[in-house]
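We're numbering straight along the sequence, starting at 1. Quick caveat, the model's predicted, so the values are computed rather than measured. Side-chain atoms are counted along with the backbone in the values below, which use heavy atoms only and exclude waters and symmetry mates.
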Amino acid sequence: MAPKARVARKTRNPDLIRGVGKYSRSQMYHKRGLWAIKAKHGGVFPRHDAKPAAEAPAVKPPKFYPAEDVKKPLVNKHKPKPTKLRASITPGTVLIILAGRFKGKRVVFLKQLPSGLLLVTGPFKVNGVPLRRVNQSYVIGTSTKVDTSGVNVEKFDDKYFGKAVEKKKKKKGEGEFFEAEKEDKKEFPQEKKDDQKSVDAVLIKSIEAVPDLKTYLASRFSLRSGMKPHELVF
């Protein structure tokens, strides 16, 4: 690629000889239109205020860098989005739990919590599954549904299932250690027992209204020899 040709800079006052212009100072005053600018602003040239200087830092930066790198926390600009609920999961849908303590159990879905987890129950009297949170990645939605219109689940949120933070206890001797084991056994809160009973009472009525539904919920799901999971219809 050929280099671009240099264009000579044009000036309004060309030099006759070096340092001597063709036009005088008064001629250039009219030629540049300075008289019009002055007349527009009431006979005075406009002034532009200087920009305020940047304030000097109160603490001077150190002259030497530390011997070891100081780690700075990275700014996290990620904004969590609400978890999208699967279209096949609606209030009252019977789900099959695939992992955890109640693997293979059938439960009734009540609602989705703000954290994205699912609030489910067995009911407890039917198959021993209490009110608990489950990730929708570990459940299979079935076509069976239970009427949950009479169940009040407004009070249940993520804080309801949180555990109280306990202070660290001092180390104890052997004698005190065995005595502490007996004392550390905590009873399940009576309030949560009552909540479970109130939810179960409404669900069991609607479950008993459908024949064989109680037996279906009480049975555990499992695969047997010869069963093909990809051909099953839930």
Side-chain angles (χ1 to χ4, degrees), residues 1-91 93 99-100 109-120 131-139 141 151-170 189 191-192 195:
M1 186 176 177
K4 291 183 179 179
R6 295 185 65 181
V7 180
R9 186 181 174 186
K10 293 181 180 180
T11 177
R12 292 182 180 181
N13 191 11
D15 290 341
L16 295 175
I17 59 173
R18 190 171 183 181
V20 180
K22 181 178 179 181
Y23 303 107
S24 66
R25 188 174 177 181
S26 60
Q27 285 176 316
M28 285 303 299
Y29 178 83
H30 289 278
K31 193 174 179 68
R32 290 171 61 191
L34 297 177
W35 59 275
I37 297 170
K38 197 172 182 180
K40 187 178 179 181
H41 293 86
V44 181
F45 283 115
R47 287 190 174 185
H48 301 285
D49 296 332
K51 293 181 180 179
E55 296 181 0
V59 181
K60 291 184 178 180
K63 292 183 179 180
F64 304 100
Y65 290 103
E68 295 181 0
D69 293 335
V70 179
K71 290 185 179 180
K72 291 183 179 180
L74 297 173
V75 179
N76 186 7
K77 295 183 179 179
H78 174 70
K79 293 181 180 179
K81 296 180 181 178
T83 308
K84 189 177 179 181
L85 188 63
R86 231 184 292 165
S88 60
I89 301 175
T90 56
T93 303
F109 169 67
L110 299 176
K111 73 168 185 176
Q112 187 181 28
L113 300 172
S115 63
L117 299 176
L118 311 182
L119 177 65
V120 299
L131 283 163
R132 62 187 287 108
R133 297 177 294 176
V134 182
N135 193 317
Q136 65 175 329
S137 302
Y138 301 105
V139 297
V151 183
N152 184 12
V153 292
E154 291 181 1
K155 70 176 293 184
F156 301 110
D157 55 7
D158 292 299
K159 290 182 180 178
Y160 180 85
F161 296 95
K163 292 183 179 180
V165 180
E166 296 180 357
K167 294 181 180 179
K168 291 184 179 180
K169 298 178 181 179
K170 296 180 181 179
E191 183 187 354
K192 291 190 175 182
D195 292 338

Can you name the nearest heavy-atom pair linking Arg132 to Phe161, along with the distance? CA-CE2, 3.9 Å
Are Leu117 and Gln112 close enough that some pair of their side-chain heavy atoms sits under 4.5 Å apart? no
Any donor-acceptor pair under 3.5 Å linking the side chain of Gln136 with the backbone of Thr83? no
Is there side-chain contact between Ile37 and Pro46, with heavy atoms separated by less than 4.5 Å? yes
Could you tell me if Lys38 sits above the aromatic ring of Tyr29, with its cationic atom closer than 6.0 Å to the ring centre and no more than 45 degrees from the axis? no
At their closest point, which heavy atom of Lys22 faces which heavy atom of Leu16, and how far apart are they? CA-CG, 3.8 Å
Which atom pair, heavy atoms only, marks the closest approach of Asp158 to Pro114? OD2-CD, 3.6 Å
N/O donor-acceptor pair under 3.5 Å between Asn13 side chain and Tyr23 backbone: yes
If you count every heavy atom of other residues, nucleotides or ligands that lies below 6.0 Å from Tyr138 atom OH, does the total exceed 12? no
Looking only at heavy atoms, what is the nearest atom pair of Leu131 and Leu119, with distance? CD2-CD1, 4.3 Å
Closest non-hydrogen contact found for Leu110 with Pro91 is O-CB, 3.7 Å
dist Asp69:CG -> Lys72:NZ (nearest 0.5 Å) comes out at 11.0 Å
Please identify each residue that fulfils salt bridge (charged side-chain N to carboxylate O under 4.0 Å, His left out) with Glu191, with sequence neighbours left out. Lys155
With a 4.5 Å cut-off on side-chain heavy atoms, are Val134 and Phe109 touching? no
Looking only at side chains, do Ser137 and Asn135 share a donor and an acceptor under 3.5 Å apart? yes
Rounded to the nearest 0.5 Å, the OG atom of Ser26 sits from the CG atom of Leu34 at a distance of 12.0 Å
Donor-acceptor under 3.5 Å (Lys31 side chain, Arg12 main chain): no
Side chain to side chain contact (heavy atoms under 4.5 Å, CB included) between Leu118 and Val139: does it pass, once the steps are laid out? CA-CA 10 Å; Leu118 311 182; Val139 297; 4.1 Å; yes
Is atom CZ of Arg86 surrounded by more than 12 heavy atoms (other residues, nucleotides or ligands) closer than 6.0 Å? yes
Around atom CG of Asp15, are there more than 12 heavy atoms from other residues, nucleotides or ligands closer than 6.0 Å? yes
